[in-house]
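See below for the structure under consideration.
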Amino acid sequence: MRDLAPVLLDWYDRHARDLPWRVSPAARARGQQPDPYRVWLSEIMLQQTTVAAVRDYFLRFTTLWPTVKALAAADDAQVMSEWAGLGYYARARNLLACARAVAAAGGFPATRAELQKLPGIGPYTSAAISAIAYDQPETVVDGNVERVVARLFAVETPLPAAKPELVALADTLTPTGRPGDFAQAMMDLGATICAPRKPACAICPLVKDCASRAAGIAAELPRRSPKPEKPQRHGIAWVALTDDAVLLERREPKGLLGGTLAFPSSGWDGTDLPAPLEADWHSLDPVEHVFTHFTLRLDVRLTCAGGAATRGVWTPRHEFSPLGLPGLMRKVWTRAERALRD
DNA sequence: AAATCGTGGAA
DNA sequence: TTTCCAAGATT
């Protein structure tokens, strides 16, 4: 096969997406270096998360905390609150731990091996930061690149088993010149041309080299092993609010929604916690929520009584915003608001 | 090494 | 409506 890197880089120079955390190929050619902090922050936020969802969070975080040092000095609660709604909250916990380690060390390490020792930075992110921020010739393989490579080489082995094979093939493409732009070019190609459902092969710069296109199976790749069905779970959330306070609790630092602010709730897997308050609870319509590996039906109970709570903290209403809660708990709040309005 | 861990937009 | 899945990491 011909050397694809020059072809793809040429395409990238003309079609690179304009993203808040990106140094454009033109600016990079002028000598502008990416800020490792911004590269790292964006990569963490983008783990299993769409560009559209990340954009506003990235702008908000970099406004509040322009440097790693600033982020390292932030309150845990404020970071969790700002992360609320993005999902995968272990990322937020690891984000702070990583920021503090980096600030203490005086800056980000530049090698992939050192980067990967930091919390929240795995094989993909270490390669991405090393390539994008430091222009090291690392092979960056995310979901986009898996798809592009599977199609380019017509790899029919289903994911996730195909991963090592795809990494090895991707590695044969990585150039020594402009590896950072090349990595971003592969991801842009996967996101905009070599899309999951309907690849736009007609305008793809690599059509002539694509084995799956030749075989007429591009849209079917990559294949994936069937996923297990999601079991249904159920639980109860209690919303207690008076004229000037609402009862909230900080969830355990590990596990589902770990470290987030929430309405007190029962367990959702058999563990059965009691209501946080003796009161006359009104039952509202249940909330339906889909997590990665199960669906949840959460019954919502509401009271306007105050008093001594066995769990949670009475929080002044003026300090409370549902935007500081994870998505599930925002839905619960919406139920309560609707009930109070009617 | 298989399970766990969110959310929402698009088809 | 259902299904898919997005710049994955951790245990």
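Everything quoted here is computed from the prediction, not taken from an experiment. Naming convention: chains lettered A, B, ... in sequence-line order (proteins, then strands); numbering from 1 in each chain.
Each side chain to side chain donor-acceptor pair (under 3.5 Å) pair with one or both residues in residues 147-157 of chain A, not counting sequence neighbours, appears once here: A:Asn144-A:Arg147, A:Glu156-A:Arg223, A:Thr157-A:Glu165. For residues 46-65 of chain A, the set of pairs meeting the ring pair (Phe, Tyr, Trp, His ring centres under 6.0 Å) definition, not counting sequence neighbours, comprises A:Trp21-A:Phe58, A:Phe61-A:Trp65, A:Phe61-A:Trp83. Judged as a ring pair (Phe, Tyr, Trp, His ring centres under 6.0 Å), the pairs with a partner in residues 308-334 of chain A (not counting sequence neighbours) are, in order, A:Phe320-A:Trp333. Applying the ring pair (Phe, Tyr, Trp, His ring centres under 6.0 Å) rule to pairs touching residues 292-312 of chain A yields A:Phe291-A:Phe294, sequence neighbours excluded.
Comment: A:Asp35 does not engage A:Arg38 in a salt bridge, judged by the lack of any side-chain N to carboxylate O separation of less than 4.0 angstrom. No salt bridge links A:Arg22 with A:Asp18; every basic N to acidic carboxylate O contact stays at or beyond 4.0 Å.
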Exercise. Between protein and nucleotides 3-11 of chain C, map the contacts as a letter string: B base, S sugar-phosphate only, - none, heavy atoms under 4.0 Å, written 5' to 3'.
Key: BBSBBBSS-

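Using a 4.0 Å heavy-atom cutoff across all strands shown, A:Val54 reaches no nucleic acid atom at all.
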Quiz item: Does the side chain to side chain contact (heavy atoms under 4.5 Å, CB included) test come out yes or no for A:Leu8 and A:Met186, once each step is laid out?
Solution: CA-CA 8 Å; A:Leu8 192 60; A:Met186 287 285 280; 3.4 Å; yes

Quiz item: For A:Leu152 and A:Leu169, what are the C-alpha separation, side-chain angles and deciding distance, and is it a side chain to side chain contact (heavy atoms under 4.5 Å, CB included)?
Solution: CA-CA 10 Å; A:Leu152 204 50; A:Leu169 289 169; over 6 Å; no

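If you take atom P in C:dA9 and the same atom in B:dG8, they sit 22 Å apart, rounded to whole Å. B:dA2 and C:dA7: their C1' atoms are spaced 24 Å apart (whole Å). Comparing the C1' positions of C:dG8 and B:dA1 gives a spacing of 16 Å, expressed to the nearest Å. The same atom, C1', is picked in B:dC5 and in C:dC5; the two are 15 Å apart, to the nearest Å.
Comparing A:Pro228 and A:Lys198 by the nucleotide of DNA chain B whose heavy atom lies nearest to each, the residue mapping closer to the 5' end is A:Pro228.
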Name the atoms and distances for all side-chain donor-acceptor pairs under 3.5 Å in residues 90-103 of chain A, with sequence neighbours left out.
unit_1: A:Arg91; atom_1: NE; unit_2: A:Tyr88; atom_2: O; d: 3.3
unit_1: A:Arg91; atom_1: NH1; unit_2: A:Ile44; atom_2: O; d: 3.1
unit_1: A:Arg91; atom_1: NH1; unit_2: A:Met45; atom_2: O; d: 2.8
unit_1: A:Arg91; atom_1: NH1; unit_2: A:Gln47; atom_2: O; d: 3.0
unit_1: A:Arg91; atom_1: NH1; unit_2: A:Thr49; atom_2: OG1; d: 3.0
unit_1: A:Arg91; atom_1: NH2; unit_2: A:Thr49; atom_2: OG1; d: 3.3
unit_1: A:Arg91; atom_1: NH2; unit_2: A:Leu86; atom_2: O; d: 3.2
unit_1: A:Arg91; atom_1: NH2; unit_2: A:Gly87; atom_2: O; d: 3.0
unit_1: A:Arg93; atom_1: NE; unit_2: A:Pro253; atom_2: O; d: 3.1
unit_1: A:Arg93; atom_1: NE; unit_2: A:Gly258; atom_2: O; d: 3.1
unit_1: A:Arg93; atom_1: NH1; unit_2: A:Pro253; atom_2: O; d: 3.0
unit_1: A:Asn94; atom_1: ND2; unit_2: A:Ala90; atom_2: O; d: 3.3
unit_1: A:Arg100; atom_1: NE; unit_2: A:Ala72; atom_2: O; d: 3.0
unit_1: A:Arg100; atom_1: NH1; unit_2: A:Asp76; atom_2: OD1; d: 3.4
unit_1: A:Arg100; atom_1: NH2; unit_2: A:Ala74; atom_2: O; d: 2.8
unit_1: A:Arg100; atom_1: NH2; unit_2: A:Asp76; atom_2: OD1; d: 3.2

Would you tabulate the side-chain donor-acceptor contacts of residues 202-210 of chain A under 3.5 Å, counting partners in other chains and residues two or more places apart, or write 'none'?
unit_1: A:Asp209; atom_1: OD1; unit_2: A:Arg2; atom_2: NE; d: 2.8
unit_1: A:Asp209; atom_1: OD2; unit_2: A:Arg2; atom_2: NE; d: 3.1
unit_1: A:Asp209; atom_1: OD2; unit_2: A:Arg2; atom_2: NH2; d: 2.7

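Every residue was checked against the salt bridge (charged side-chain N to carboxylate O under 4.0 Å, His left out) condition with A:Asp244, not counting sequence neighbours, and none meets it. Qualifying salt bridge (charged side-chain N to carboxylate O under 4.0 Å, His left out) partners for A:Arg338, counting only residues two or more places apart in sequence or in other chains: A:Asp285.
The span of DNA chain B lying next to chain A, judged by atoms under 4.0 Å from heavy atoms, is bounded 5' to 3' by B:dT4 to B:dT7.
Applying a 4.0 Å cut-off to non-hydrogen atoms, none of the residues of residues 59-68 of chain A approaches DNA chain C. Across residues 155-176 of chain A, not one residue has a non-hydrogen atom less than 4.0 Å from an atom of DNA chain C.
Between the A:Arg28 side chain and the A:Pro34 main chain, no donor and acceptor come within less than 3.5 Å of each other.
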